[in-house]
2 protein chains.
Amino acid sequence: MERPEAYPITYGVLGLLAFMGPLSGYDLKHLFDSMLAPMWGAAHSQIYNELRRMRELDWVEMEREEQESRPDRKVYHITQKGQKALTAWQSQPPGVYQIRDELLLKVMFGAFASPDALAKNLRAGLVEHEQRLHQYRMNSLLIPAHRTTQGEAYQGRSHFQPYTEENADESDLFLNLIAHFAVALEQTYIKWLQEAIAIIEHQPTGEQEQS
Amino acid sequence: MERPEAYPITYGVLGLLAFMGPLSGYDLKHLFDSMLAPMWGAAHSQIYNELRRMRELDWVEMEREEQESRPDRKVYHITQKGQKALTAWQSQPPGVYQIRDELLLKVMFGAFASPDALAKNLRAGLVEHEQRLHQYRMNSLLIPAHRTTQGEAYQGRSHFQPYTEENADESDLFLNLIAHFAVALEQTYIKWLQEAIAIIEHQPTGEQEQS
DNA sequence: TATATCATGTAATCGGTTACATGATTAA
DNA sequence: TTAATCATGTAACCGATTACATGATATA
């Protein structure tokens with residue numbers, strides 16, 4: 001059995017290049033942290049790896065933008081081969097669905113924590129997820145601003161379209177769907193955290209007062 | 001900087017041993033797939049690795065249960081050192097929170113999919129998450145049945161208690177909290193999928209009829 | 001007859017994280 | 001003066017996945 005030539009993270013980078021136009025590794029890292037935060041994370045080192053991988057596959061091409069007093073920007077754009085790969089991926093059934101949540105793990109084994117420690121962790125989680133919710137709401141307001149008009153070089157494929165004004169409505173549809181999901185998820189999480197905190201803090205499991 | 005001696009997955013195994021009593025690697029794999037499914041997954045090979053790691057740390061001990069015509073069961077139990085480590089972990093701020101969801105990634109870049117392909121993937125996701133919801137509801141009904149009475153050998157620590165009849169109420173509290181979270185999450189996801197499917201399928205993005 | 005369950009492990013690989021490395025500009 | 005931003009990469013490590021390996025019993 002052969003290993004696949006690409007992984008979800010690969011298509012994350014490829015999709016951003018298709019969707020947002022020519023981008024540098026640095027740009028891509030920022031887009032991962034904002035747009036793809038609800039579904040896939042990536043260190044910058046990994047993004048550079050994926051870019052190298054995709055160049056070897058001829059899914060992307062690179063052009064050097066020279067700059068003074070800064071490292072040159074290496075700007076990547078998707079090729080027709082890359083566009084085909086992206087569409088082909090869309091026809092495969094989705095694989096990975098996984099959650100890794102150390103906070104939930106600690107709640108699960110909350111019987112082995114002091115109530116104080118558990119409550120503290122829950123409250124920190126609440127703050128974190130409230131920030132996340134806030135971010136996602138900000139992002140979804142910014143959606144119409146994310147727009148590239150430089151998508152001239154590589155259009156023409158049947159289903160294939162970069163994000164431009166002509167198809168802004170259609171593209172916004174997916175962006176809005178994702179934003180809606182992210183907000184709904186955080187709301188659910190936050191509501192649960194609040195309930196959990198209320199329960200844990202009103203548990204008389206030790207009666208240890210502390211000024 | 002030193003690498004940590006243990007990771008969330010390690011505490012997942014340790015917590016199950018503390019909570020459910022002496023268990024084999026095989027038992028642990030099944031408990032991961034049922035109880036810990038909403039927060040952390042593990043292949044069986046990894047569980048065996050963690051057991052070896054924890055034996056080296058003296059967090060667990062092993063006893064061989066001989067069997068005829070089957071491989072011997074190797075049954076692990078937590079030590080006092082392991083109990084201390086578990087409680088100490090509960091006082092650390094939680095680290096990992098990450099979601100990896102290839103379906104969401106495909107929706108995000110849905111502009112590069114045929115509407116048929118996208119709808120198919122969404123419908124498959126709906127089925128999957130409905131099954132998940134059903135499982136979690138089943139599990140939470142089974143909670144009072146998950147009970148070990150063999151936790152005699154290693155009690156006595158201050159906060160430390162295995163899951164027995166005496167503290168069933170307190171332990172059930174955490175189990176119920178997690179079950180409640182898992183159900184709420186799946187409900188949110190399912191509701192979103194239904195909305196997304198409705199939107200995608202009523203999109204006239206090609207008008208390609210197909211009998 | 002074939003699949004599922006019980007039961008434990010090793011080997012190979014690689015995705016993903018953390019740390020290392022560099023260095024100018026700009027804002028607090 | 002310190003920190004953040006811009007900008008790109010390499011090196012080391014390891015957690016996690018997939019495949020390999022074995023073999024009896026029970027169920028469909």
Side-chain angles (χ1 to χ4, degrees), chain A residues 1-13 22-34 36-37 39-56 60 62-76 95-100 102 105, chain B residues 1-13 22-34 36-37 39-56 60 62-76 95-100 102 105:
Chain A
M1 199 65 54
E2 284 164 38
R3 297 262 163 182
E5 58 187 0
Y7 300 85
I9 180 72
T10 321
Y11 294 104
V13 177
L23 296 164
S24 71
Y26 188 81
D27 297 334
L28 283 160
K29 168 59 176 159
H30 283 272
L31 288 173
F32 259 86
D33 292 345
S34 54
L36 301 194
M39 67 204 83
W40 213 282
H44 77 272
S45 59
Q46 201 184 351
I47 289 170
Y48 289 114
N49 272 338
E50 296 303 326
L51 287 170
R52 185 182 40 69
R53 184 206 298 272
M54 294 176 104
R55 276 183 81 184
E56 284 163 14
V60 300
M62 187 265 283
E63 256 136 56
R64 189 178 295 264
E65 264 183 27
E66 279 174 45
Q67 293 188 134
E68 310 157 1
S69 77
R70 273 184 207 287
D72 294 352
R73 277 171 59 86
K74 296 188 178 175
V75 179
Y76 295 82
V96 184
Y97 169 76
Q98 80 186 188
I99 293 177
R100 300 229 194 279
E102 197 171 351
L105 207 54
Chain B
M1 199 64 54
E2 284 165 37
R3 296 262 162 182
E5 58 187 0
Y7 300 84
I9 179 74
T10 321
Y11 295 103
V13 177
L23 297 163
S24 70
Y26 188 82
D27 297 335
L28 283 160
K29 169 59 176 158
H30 283 272
L31 287 172
F32 258 86
D33 291 346
S34 54
L36 301 194
M39 67 202 83
W40 214 283
H44 76 271
S45 59
Q46 201 184 351
I47 289 170
Y48 289 113
N49 272 337
E50 296 304 325
L51 287 171
R52 185 182 40 70
R53 183 205 298 271
M54 294 175 105
R55 276 183 82 183
E56 283 162 15
V60 300
M62 186 266 281
E63 258 137 56
R64 188 178 294 264
E65 265 182 26
E66 278 172 46
Q67 294 188 133
E68 311 157 359
S69 77
R70 273 183 208 288
D72 293 353
R73 275 171 62 85
K74 295 188 178 176
V75 179
Y76 295 82
V96 184
Y97 169 76
Q98 76 186 192
I99 293 176
R100 300 226 195 281
E102 197 171 353
L105 207 54

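Just so it is clear: chains get the letters A, B, ... in the order the sequence lines come, proteins before strands, and each one is counted from 1.
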Has [X] got a side-chain atom pairing as donor or acceptor with [Y]'s backbone, closer than 3.5 angstrom?
{"X": "Glu65(A)", "Y": "Arg73(A)", "result": "no"}
{"X": "Gln98(A)", "Y": "Arg100(B)", "result": "no"}
{"X": "Lys29(B)", "Y": "Ser45(B)", "result": "no"}

How long is the line joining [atom1] of [X] and [atom2] of [N], in whole Å?
{"X": "Leu23(A)", "N": "dA7(D)", "atom1": "CG", "atom2": "P", "answer": "12 Å"}
{"X": "Glu5(B)", "N": "dG15(D)", "atom1": "CD", "atom2": "P", "answer": "12 Å"}
{"X": "Leu36(A)", "N": "dG16(C)", "atom1": "CG", "atom2": "P", "answer": "13 Å"}
{"X": "Lys29(B)", "N": "dT8(C)", "atom1": "NZ", "atom2": "P", "answer": "14 Å"}
{"X": "His30(B)", "N": "dA4(C)", "atom1": "NE2", "atom2": "P", "answer": "14 Å"}
{"X": "Asp33(A)", "N": "dT17(C)", "atom1": "CG", "atom2": "P", "answer": "11 Å"}
{"X": "Tyr7(B)", "N": "dC13(D)", "atom1": "OH", "atom2": "P", "answer": "12 Å"}
{"X": "Phe32(B)", "N": "dA16(D)", "atom1": "CZ", "atom2": "P", "answer": "10 Å"}

To the side chain of [X], which of [options] is closest?
{"X": "Tyr48(A)", "options": "dT17(C), dT8(C), dG9(D)", "result": "dG9(D)"}
{"X": "Ser24(B)", "options": "dT17(C), dT8(C), dC14(C)", "result": "dT8(C)"}
{"X": "Ser45(B)", "options": "dA11(D), dA7(D), dT17(D)", "result": "dT17(D)"}
{"X": "Arg53(A)", "options": "dC14(D), dG15(C), dT8(C)", "result": "dG15(C)"}
{"X": "His44(B)", "options": "dT17(D), dG9(D), dG9(C)", "result": "dG9(C)"}
{"X": "Tyr26(A)", "options": "dC6(C), dT8(D), dA11(C)", "result": "dT8(D)"}
{"X": "Gln46(A)", "options": "dT17(C), dA7(C), dT17(D)", "result": "dT17(C)"}

On DNA chain C, does the nearest nucleotide to Gly41(A) precede the nearest nucleotide to Asn49(B) from the 5' side, or the other way round? Give the residue.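 Its nearest nucleotide being more 5', the pick is Asn49(B).
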
On DNA chain C, nearest-nucleotide positions of Ile9(A) versus Arg73(B): which is more 5'?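 Result: Arg73(B).
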
Taking only Lys NZ, Arg NE, NH1 and NH2, and the carboxylate oxygens of Asp or Glu, determine whether Arg53(A) and Glu50(A) approach each other closer than 4.0 Å. yes

At 4.0 Å (heavy atoms only), tell me whether [X] reaches a base, stays on the sugar-phosphate, or touches nothing.
{"X": "Glu65(B)", "result": "nothing"}
{"X": "Arg100(A)", "result": "sugar-phosphate"}
{"X": "Arg64(B)", "result": "nothing"}

With respect to the phosphate group of dT17(D), does any side-chain polar atom (N or O) of Gln98(A) fall under 4.0 Å of OP1 or OP2?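 True: Gln98(A) side-chain N/O within range (under 4.0 Å) of dT17(D) OP1/OP2.
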
How long is the gap from CG on Asn49(B) to CD1 on Ile9(B), to the nearest 0.5 Å?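 So the gap between those two atoms works out to 10.0 Å.
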
Find the distance between CH2 (Trp40(B)) and CD1 (Ile99(A)) and round it off to the nearest 0.5 Å. 11.5 Å

